[in-house]
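Nothing here was measured: the structure is a model prediction, and the numbers come from that model. One-based numbering, in listed order, for ligands and for the atoms of each.
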Amino acid sequence: MRIDCGLRDWIIEDWAFTPHASIGQAMRFSINLQRRDPEILNAAGVVRLPGMRIDEVRLFDVRLPLVRPFETSFGRIDAREFVLVAVDAGGATGWGECVADVDPFYSEETTTTAWYVMTNVLVPAILGRTLAHPRDAAATWARVRGHRMAKAAIEMAIWDVRARLDGRPLCELLGAAARPIPAGVSIGIQPSLAALVDRVGAELADGYRRIKIKIKPGWDRAPVEAIRAKFDRVPLMVDANAAYTVASAGALAPLDAFDLMMIEQPLDYDDLVDHARLQASLRTPICLDESITGPKAATDAIGLGACRIINIKPGRMGGFGPSIAVHDIARAHGMPVWHGGMLESGIGRAHNLHLSTLPGFTLPGDVAASRRYFVPDLIDPPIEVRKDGCIDVPPGPGIGVVPVEARLAAATQHSERFSA
Ligand code: OSB
Ligand code: MG
């Protein structure tokens, strides 16, 4: 159906008939209009931002074996399975990586729920739409509750395609500029204290700036003590992935003696109040990961005193839009943030590096080199750590990297294509 509304610069986004109760009453016809070429104001004055039409979305169900198993308080994994997203708009392709895992342990979402909600809800809602800005993707899905990792993967691909269409690096579109990103490592639970100390030594030899170890009840004080005994002053932190309860959190008090940078997410994912009580009893800063699901949670956590540091993962927040908002809220409160990791392939890793260029990211992130996880990575060249422990943001338009076609094909278990 074609409707000429006589407004040349406007496009019809949505339309609907609203039938009234009784025959004879008028039917109401509603349309949503959107400017085809909206004008946006920036510091330099008025600039024209051409809209981008979402022409095609491709989804890939990918499985990549891990270089070594990764064990957390959730359990142990040998491979990473994830949904990779390609969005075509205006003749360019943007890439996104969904960080949901096979099991609903870190969050409620899984690869299967992400696939379901993308194919049945998110992709149909956005296909054929013309967006003025990547932030507008979120409004398209405003009615969809949760599923932030699924939303983020598509939203981030749209940011990538926008930056590629503009011919500039993603970090500039996000509001920053490329700079070397200080990198830290996340070390899983190890079979023994000796194995842990060896791993820490190997990571420090590779140049990494700080060490994070996973802890759980029964594997907390001893591993920290063992690392401190061998590497006296190394910047060190621990991540519990919500493995403690109010009853068992007493085991964390002795960690105050080890000058840790932070204790990440000791208590449950939805429990800000008990984190605030625990923080009041600890000298060591609490950093929240799982609990910070967006700007509202960040504001509440800061207001309650539930943490002194925030870990930002765009997948957990629903994309770059809310991640920038959380960054800005933390910065306004003088609270440091750092970029978390979800064992991403090079695509997600590149996104993380671009976001990490924002000025509030003052602590080293979980943004390590490709070869700690995947050999080969989906991308080529892989992401490498420099001798000084920093990682360079991939240069070039967008995120600066694309998957190697043959590698993506080999790692893909199933794929689907949706065209407008
Ligand atoms: O809690 O930060 C976490 C990996 C999967 C799920 C949750 C977490 C992690 C990590 C690994 O700690 C970080 C990385 O990608 O190096
Ligand atoms: Mg964490």
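Residue Glu290 has no N or O atom closer than 3.5 Å to an N or O atom of ligand 1. Geometrically, ligand 1 and Arg349 share no nitrogen or oxygen pair separated by less than 3.5 Å. On a distance-only criterion, Asn311 and ligand 1 share no N/O pair closer than 3.5 Å. At under 3.5 Å, not a single nitrogen or oxygen of Phe74, backbone or side chain, sits near a nitrogen or oxygen of ligand 1.
Protein heavy atom at the shortest distance from atom 15 (O) of ligand 1 is Leu343 N, 2.8 Å. The single protein non-hydrogen atom nearest to atom 6 (C) of ligand 1 is Met342 SD, 3.5 Å, given as residue, atom name and distance. Closest to atom 16 (O) of ligand 1 among all protein heavy atoms lies Tyr373 OH, 2.3 Å. For atom 13 (C) of ligand 1, the closest heavy atom belonging to the protein is Gly341 O, 3.4 Å.
Looking at Asp88 and Arg58, a side-chain N of the basic residue comes within less than 4.0 Å of a carboxylate O on the acidic one, giving a salt bridge. Ion pairing between a basic and an acidic side chain is recognised when a charged N comes within 4.0 Å of a carboxylate O; Glu225 and Arg221 show such pairing. The existence of a salt bridge linking Arg316 and Glu290 is excluded, since no basic side-chain nitrogen approaches an acidic carboxylate oxygen closer than 4.0 Å.
Only the side chain of Asp289 comes within 4.0 Å of ligand 1, counting heavy atoms alone; its backbone N, CA, C and O stay farther away. Counting heavy atoms closer than 4.0 Å to ligand 1, residue Asp239 contributes side-chain atoms (C-beta onward) but none from N, CA, C or O. If you look at Lys313 next to ligand 1, the close heavy atoms, those under 4.0 Å, all belong to the side chain. Residue Lys214 touches ligand 1 through its side chain alone, judged by heavy-atom distances below 4.0 Å. Only the side chain of Asn241 comes within 4.0 Å of ligand 1, judged by heavy-atom distances.
Around the OH atom of Tyr116, the shell of radius 6.0 Å holds no more than 12 heavy atoms that belong to other residues, nucleotides or ligands.
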Side-chain donor-acceptor pairs under 3.5 Å in residues 330-341, sequence neighbours left out?
from: His333; atom 1: ND1; to: Ile329; atom 2: O; distance (Å): 2.9
from: His339; atom 1: ND1; to: Ile312; atom 2: O; distance (Å): 3.4

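Shortest non-hydrogen contact noted between Glu344 and Arg349 is O-NH2, 2.8 Å. Nearest heavy atoms, Leu122 versus Trp141: O-NE1, 3.1 Å. Shortest non-hydrogen contact noted between Pro295 and Ala325 is CG-CB, 3.7 Å.
Ligand-side atoms of ligand 1 in range of Phe70: 4 (C), 10 (C), 11 (C), range being under 4.0 angstrom from any heavy atom.
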- Query: Going through the distances and angles, do Thr119 and Glu416 end up as a side chain to side chain donor-acceptor pair (under 3.5 Å)?
  - Reply: CA-CA 9 Å; Thr119 56; Glu416 273 181 56; 5.6 Å; no
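Considering Ile383, Leu355, Asn352 as possible partners of Val367, the one that fulfils the side-chain contact (heavy atoms from CB on, under 4.5 Å) test is Asn352. Residue Tyr244 forms a side-chain contact (heavy atoms from CB on, under 4.5 Å) with just one option from Ile263, Ile215, Leu278, Asp274, and that option is Ile215. With respect to Ser345, the side-chain contact (heavy atoms from CB on, under 4.5 Å) criterion is satisfied by exactly one of Arg407, Arg80, Glu97: Glu97.
At least one heavy atom of Lys212 sits closer than 4.0 Å to an atom of ligand 1.
Note on the Mg ion (ligand 2): protein N, O or S atoms under 2.8 Å away count 3, no waters included.
A perpendicular orientation is assigned to the rings of Tyr106 and Phe74, their planes being inclined by more than 60° (bins at 30° and 60°).
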